[in-house]
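Within every chain, numbering begins at 1; the chains are lettered A, B, ... in the order of the sequence lines, protein sequences first and strands thereafter.
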Amino acid sequence: MGKAPVIEVRDLKKIYRQGFFLKPVEVLKGISFTVYENEIYGFLGPNGAGKTTTIKILNTIVFPDGGEAKIFGRPLGDPESKKKTGFLPEHPYFYEYLTASEFLRFCGNLFGMKGEALEERIGSLLSLVGLEGKEDLQLRKFSKGMLQRIGIAQALINDPSLVILDEPMSGLDPIGRMEIRELIRSLKEKGKTVFFSSHIISDVELLAERVCILHMGEKVAEGKIHDLIGSRGVKYYEVDAKGVAGNVERLRELIGRRDFSFIMRNGIVQVRVPEEEDVDLVIDAVRELGGRVVGVIPARVNLEEIFVQRLGGEENAG
Amino acid sequence: MQVKTIALNTFRETIRDRILYSLLVFAVLMIGLSYFLSELSVGDFERIVINFGLACVHVFGAIISIFIGITLVSKEVEKRTIYSLISKPVSRFQFLLGKFLGLSLTVFVTTLLMSVVSVLIVYLQSGNFRAELFPVAGAIYLELLLLIAASIFFSSFTTPTLSAIFSLSLFLIGHLSPQLRFFGMKAKSAFLKGAALATYYLLPNLENFNLKNVVLYGVKVDGGRVLLMFGYFALYFAILMTLSWVIFSRRDFK
């Protein structure tokens, strides 16, 4: 990789004690991963996988029962690394008696920021997250989506090098999600490291360069999306042809391959071929029969299939 | 800087709290009522007004300190506002101290307000300006600070309801403390004697902060007494804050 590690997590364990008899529940069973400088790292897993617990440990909200974690090479809770970190909690709740600008001023003061520079930062952040004109509105009057936006603004107040976002897209409408995705990409362009969790696969797939998939407190996969999906990233190619519907058997003979599947739909014959080179074979055959190829579509493997496959494997093994 | 920021924010939070206003309005009304109460009584009118005013400063001050004090920490945890706070460069001790100082400022303002109203009522009733009421209210304020610290201590490990019960009990026992000692001294059974004296020495004697006799009966207070009072405050305050910090610094916020 060559880049400096920003978050290093080694064999992290957490046990919560629940119920009257304080029955121990292992929430994290020793997970390890590393996030490098200037990458967008996705933390993926179903609800209850341990994503939020890991993020809480990184932010010293809860303490680990085993293993260790470092941020910027320093132990957790180190004031120097906290100064360079921004954090958006899941379902953020903030002081509802404060207005948007009062709240951001409060957050800025905690980082030792003040005066003109802070006021300017507040103004630019409010417009960055699309809350301009709302600076004097009390947070109790904010909608869920607006709270998420102000939460992102407070996470960026100190212009952090590392931004940790717990479910940043939750509570947002499709346009809001797109805006946040753009924002995360722009953070990377500015040289920042982004670590975010989500249970929504498409968000992670669209954004993250590398992912860690978590399930029941254990890491089930980690790596570049590219590697997880497979080097080709394509399962098969779909070739759609018109004008050959009456000649499917002839088409089959011309192509002469048994491993292709043929599907008829609304007068269009769809041929599924496994390799890129096979596409030409189908096109030639269709032309020979006087038909037209109307589409060649690569069917991509997505993270969802990997996810289901890995989790399914885990459950079967268990 | 962090402590100051949290303290000022806590001040703003508590000053915008509706419970504070209802308590304060009620307290001021009660103090005002003493003006008419003295009309009904026979004898030393001024003393009744002063006594009543100081009692209101004391009791309402304690109610405000305890009932807001127990919510300072628990509300932050329950509403999860502590998540974004603790992730910033703020230590848990700074958080606790900031919370304490914020409410201390609020209680200072309310104590001052109630004292001013009391002095005003005395002045209206008797024409005397009894400025010595302020240092007596100041001693009450020291006691209120201990109650805030105690409320934070209890709420650092238990629920708000239990914290309220514990803090109120501490307030009541703290004022019955001299009786406890007296009982201990007189008890024949060694066990009762030991238990009563142990309780006496373990729990704070809040009567140390009672200087009402100064203003009521003109009792002179020497420097030694004042020093004892401040020393006593400093000792208990340090114990309570240290214990709160020890508990709080290991706590998981789920």
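The two residues B:Asn9 and A:Tyr97 come nearest to each other via the heavy atoms ND2-OH, 3.3 Å. Residue A:Leu98 comes nearest to B:Arg12 through the heavy atom pair CD2-NE, 3.5 Å, listed as atom of the first residue, atom of the second, then distance. Residues A:Lys82 and B:Pro89 approach most closely at CD-CA, 3.9 Å, considering heavy atoms. Residues B:Arg92 and A:Thr60 approach most closely at NH2-O, 2.7 Å, considering heavy atoms.
Proximity to chain A among residues 151-171 of chain B is not found for any residue, judged by heavy-atom separations below 4.5 angstrom.
Taking a 6.0 Å sphere around NZ of A:Lys70, one finds it holds 12 or fewer heavy atoms contributed by other residues, nucleotides or ligands. Around the CD1 atom of B:Ile19, the shell of radius 6.0 Å holds no more than 12 heavy atoms that belong to other residues, nucleotides or ligands. For A:Phe142, the CZ atom is densely surrounded, since the number of other residues' heavy atoms within 6.0 Å is greater than 12. Other residues, nucleotides and ligands contribute only 12 or fewer heavy atoms inside 6.0 Å of the NZ atom of A:Lys134.
Between the OG1 atom in B:Thr5 and the CZ atom in A:Arg105 there is a gap of 12.0 Å [rounded to 0.5 Å]. Considering CG of A:Asn59 and CZ of B:Phe253, their distance stands at 13.0 Å, rounded to 0.5 Å. Atoms OG and CG, on B:Ser84 and A:Leu88 in that order, are 9.0 Å from each other to the nearest 0.5 Å.
Highest contact tally toward chain A, considering only B:Asp17, B:Val3, B:Leu8, B:Leu85, is held by B:Leu85 [criterion: heavy-atom pairs under 4.5 Å]. No other option in A:Gly77, A:Pro89, A:Ala155, A:Pro79 has as many heavy-atom pairs under 4.5 Å with chain B as A:Pro89. Counting heavy-atom pairs under 4.5 Å between each of A:Phe87, A:Phe94, A:Phe63 and chain B puts A:Phe63 at the top. Annotation: maximal heavy-atom pairing with chain A below 4.5 Å, among B:Glu13, B:Met1, B:Arg80, B:Gln2, occurs at B:Glu13.
Proximity of B:Tyr83 to A:Ile55: side-chain heavy atoms (C-beta onward) are nowhere separated by under 4.5 Å. Considering only heavy atoms from C-beta on, B:Lys88 comes within 4.5 Å of A:Cys107 through its side chain. Counting only heavy atoms from C-beta outward, the side chains of A:Ile61 and B:Ile82 never approach each other to under 4.5 Å.
For chain B, no part of A:Lys84 is nearby; none of its heavy atoms comes within less than 4.5 Å. Neither the backbone nor the side chain of B:Gln94 comes within less than 4.5 Å of any heavy atom of chain A.
Ionic pairing of A:Lys56 and B:Asp252 is not present here: no N-O contact between side-chain nitrogen and carboxylate oxygen is shorter than 4.0 angstrom. A salt bridge links B:Arg16 with A:Glu102: at least one charged nitrogen is closer than 4.0 Å to a carboxylate oxygen.
With 3.5 Å as the limit, one finds no donor-acceptor pair spanning the side chains of B:Glu78 and A:Tyr93.
Using a distance-only test at 3.5 Å, with no hydrogens or angles considered, no donor-acceptor pair links the side chain of B:Lys79 to the main chain of A:Glu96.
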